[in-house]
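Below: one structure, written as structure tokens.
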Amino acid sequence: MKHLLSLLLLTLSLRAADRAPNIVFILADDLGYTDVACFGSKYYETPHIDKLAQQGMKLTSHHHCQNCQPTRAALMSGQYAPRTGVYTVGGIGRFEWESRPLRPVENVTQLPLEKVTIAQTLKKAGYATAMFGKWHLGEKDAYHPGQRGFDEAIVSMGKHFDFKTQPPVEYPKGEYLADFLTDKAVDFIQRHKDAPFFLYLPHFGVHSPHEAKQNLIARFKDKAPVGGHHDPVYAAMIASVDESVGRVMATLDELKLADNTVLIFASDNGGVGGYAREGIKKGGDITDNAPLRSGKGSLYEGGTRVPFIVRWPGVTTPGSSSDVPTIHVDLYPTFAEIGKAPLPENQPLDGESLVPLFRSASASLKRDAIYQHFPGYLGAGENTWRTTPVGLIEQGDWKLMEFFEDGRLELYNLKADIGEQKNLAAAQPEKTKELHAKMLAWREAIKAPMPAKNEAQTTSAPKKQGKGKGKKKKQEE
């Protein structure tokens, strides 16, 4: 009997040792690169996120798309936008492009059903899967995350108080959305502690409308602004996201799961700020991405570079960082490698697993460049534009941008000029030519559609954006 008991305990121990790591991915919404203390803020307070960075690794050159929907499509599919057709939010009529030289490429607003999501891939490897928060890839019928590989899925976005969920879920009056989503996440972890799980927690915070809990607002009410960070409500929203990270970390600790859990925190795009410095807004930015240029909706670094932290005990070195350029499409193959999951057969993945970087801060990746392709317009009101159609390549310290309206090229050395202030295209013609050739080859290989000439371009004065109900709300994306 003792022999059988010893054998059983040994078997259970071996199974625990062989168990695939849990994966928890927490995604903030519109949180800027320097909106957390460990990435530079001296005003916002993020003790739990900072602790996560101390225990894990920061990727200091990680990029997502310029706004939320295409980022989420890339994360879930592992593919660049030209393969999914998801370039931005909504249709091309959201902004009055008719006065511009080009007609945008039509935009797909729901992740195509033939795309195999990372949740479906991990399910095949035996993972329990859940998503609570902002999905933004289609909420009805077959497009709902509950039909895209997630065993449990509750979608909510649009409001932080008195919010609606899909499917409908009751909650106490006055509850804050970030707290509600975290409750669901914690409950899921508790119920699935005995087997591998994938938890995707995409918060709606800190997206507008800017609403926060009064006790947290009071904490920042009399705090002096620092470096463009100044708003107590926005600071309180960040604090709620930080509280969520802290609660998830505490739950993993309490259940003794932390040592076998890969925990990642990031944001979906740059922060809503930096526009006044670009001359596309008179003032009133809710935050500032300095030293990065511009903000959400732009393909300068302030719009695409985001905070990224990974903690994988026994793998990542506590307090380490890597400056290798990484991007959204890398997460799919990364999670698949961690979970030992078979990759989809008929769905090419554009990224590369980041596991080598997680293992060593001095490691490099096999590929030599990352790319973005945006064949549309994103307005900022009053006939100003956060971006016009543009493509880019980033290779090592170098970044080349091609603006499609006039073919203008901008070349920056991000190591020497992270704020993208000095265009080196004329001074470095060989490097410009080299990177442009690589970008053109990538564009051809991936069959990236280009915006067409606007044959109906008007010569009359352009209409002003942002007038009338609805336009202002849409600009926030």
Side-chain angles (χ1 to χ4, degrees), residues 18-27 71-79 110-157 165-167 169 180-204 244-245 247-248 251-252 255 257-258 260-266 268 310-312 328-345 347 349 351 353-355:
D18 291 338
R19 172 178 159 176
N22 308 306
I23 302 171
V24 177
F25 182 26
I26 304 175
L27 189 70
T71 290
R72 295 159 201 274
L75 291 170
M76 287 297 108
S77 68
Q79 296 185 319
Q110 301 180 110
L111 184 65
L113 294 177
E114 69 269 17
K115 301 300 180 183
V116 179
T117 71
I118 183 58
Q120 290 169 315
T121 290
L122 289 173
K123 270 185 66 67
K124 291 180 180 179
Y127 276 73
T129 58
M131 192 233 78
F132 306 110
K134 182 175 179 178
W135 175 241
H136 216 189
L137 298 174
E139 295 185 13
K140 294 182 179 180
D141 303 323
Y143 291 96
H144 189 276
Q147 303 297 317
R148 305 300 299 268
F150 289 99
D151 299 320
E152 301 178 29
I154 300 173
V155 173
S156 187
M157 56 178 279
T165 67
Q166 180 63 30
V169 177
F180 168 84
L181 298 175
T182 307
D183 287 345
K184 298 302 178 185
V186 167
D187 176 65
F188 174 81
I189 294 172
Q190 292 171 337
R191 289 185 287 107
H192 292 84
K193 65 183 188 311
D194 296 324
F197 59 80
F198 170 50
L199 170 62
Y200 176 40
L201 179 56
H203 279 288
F204 181 55
S244 175
V245 174
R247 289 182 59 198
V248 170
T251 301
L252 295 173
L255 298 175
L257 296 174
N260 196 38
T261 299
V262 181
L263 175 56
I264 291 176
F265 174 82
D268 64 345
V310 55
R311 185 187 71 179
W312 187 357
H328 41 47
V329 293
D330 296 332
L331 272 293
Y332 196 121
T334 300
F335 292 164
E337 180 175 350
I338 291 170
K340 300 178 181 178
L343 298 176
E345 295 181 1
Q347 182 170 305
L349 300 182
S353 172
L354 302 178
V355 168

First locate atom [atom1] of [X], then atom [atom2] of [Y], and finally report the distance between them rounded to the nearest 0.5 Å.
| X | Y | atom1 | atom2 | answer |
| --- | --- | --- | --- | --- |
| Leu252 | Arg247 | CG | CZ | 12.5 Å |
| Lys124 | Leu122 | NZ | CG | 11.0 Å |
| Phe197 | Thr261 | CZ | OG1 | 5.0 Å |
| His192 | Tyr127 | NE2 | OH | 13.5 Å |
| His328 | Arg72 | NE2 | CZ | 12.5 Å |
| Leu27 | Phe265 | CG | CZ | 8.0 Å |

[Y] backbone acceptor or donor facing [X] side chain under 3.5 Å:
| X | Y | value |
| --- | --- | --- |
| His203 | Leu181 | no |
| Thr71 | Asp268 | yes |
| Glu337 | Ser353 | no |
| Trp135 | Tyr143 | yes |
| Asp151 | Thr129 | yes |
| Thr182 | Ser244 | no |
| Arg148 | Leu111 | yes |

Flag the pair [X] / [Y] as yes when at least one side-chain heavy-atom distance between them is below 4.5 Å, and no otherwise.
| X | Y | value |
| --- | --- | --- |
| Val355 | Ile338 | yes |
| His144 | Pro167 | yes |
| Val155 | Met131 | yes |
| Asp183 | Phe132 | no |
| Asp141 | Gln147 | no |
| Ile264 | Leu331 | yes |

Shortest non-hydrogen separation from [X] to [Y] and the atoms involved:
| X | Y | value |
| --- | --- | --- |
| Arg19 | Lys193 | NH1-O, 2.9 Å |
| Ala258 | Arg311 | CB-NH2, 3.8 Å |
| Gly146 | Ala153 | N-CB, 3.6 Å |
| Ser77 | Tyr332 | C-CD1, 3.4 Å |
| Asp330 | Gly351 | OD1-CA, 3.2 Å |
| Ala185 | Leu199 | CB-CD2, 3.8 Å |

Taking the inter-plane angle between the rings of Phe150 and Tyr200 on a 0 to 90° scale, is it parallel (under 30°), tilted (30 to 60°) or perpendicular (over 60°)?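 Ring orientation, 0 to 90° scale: parallel.
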Worked check of side-chain contact (heavy atoms from CB on, under 4.5 Å) between Val329 and Leu349: CA-CA 7 Å; Val329 293; Leu349 300 182; over 6 Å; no
Show your reasoning for whether side-chain contact (heavy atoms from CB on, under 4.5 Å) applies to Val116 and Thr121. CA-CA 7 Å; Val116 179; Thr121 290; 3.7 Å; yes
Option passing side-chain contact (heavy atoms from CB on, under 4.5 Å) with Phe335 (candidates Leu75, Ile118, Leu354):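 Option passing the side-chain contact (heavy atoms from CB on, under 4.5 Å) with Phe335: Ile118.
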Verdict with reasoning, Lys115 to Met76, per side-chain contact (heavy atoms from CB on, under 4.5 Å): CA-CA 9 Å; Lys115 301 300 180 183; Met76 287 297 108; over 6 Å; no
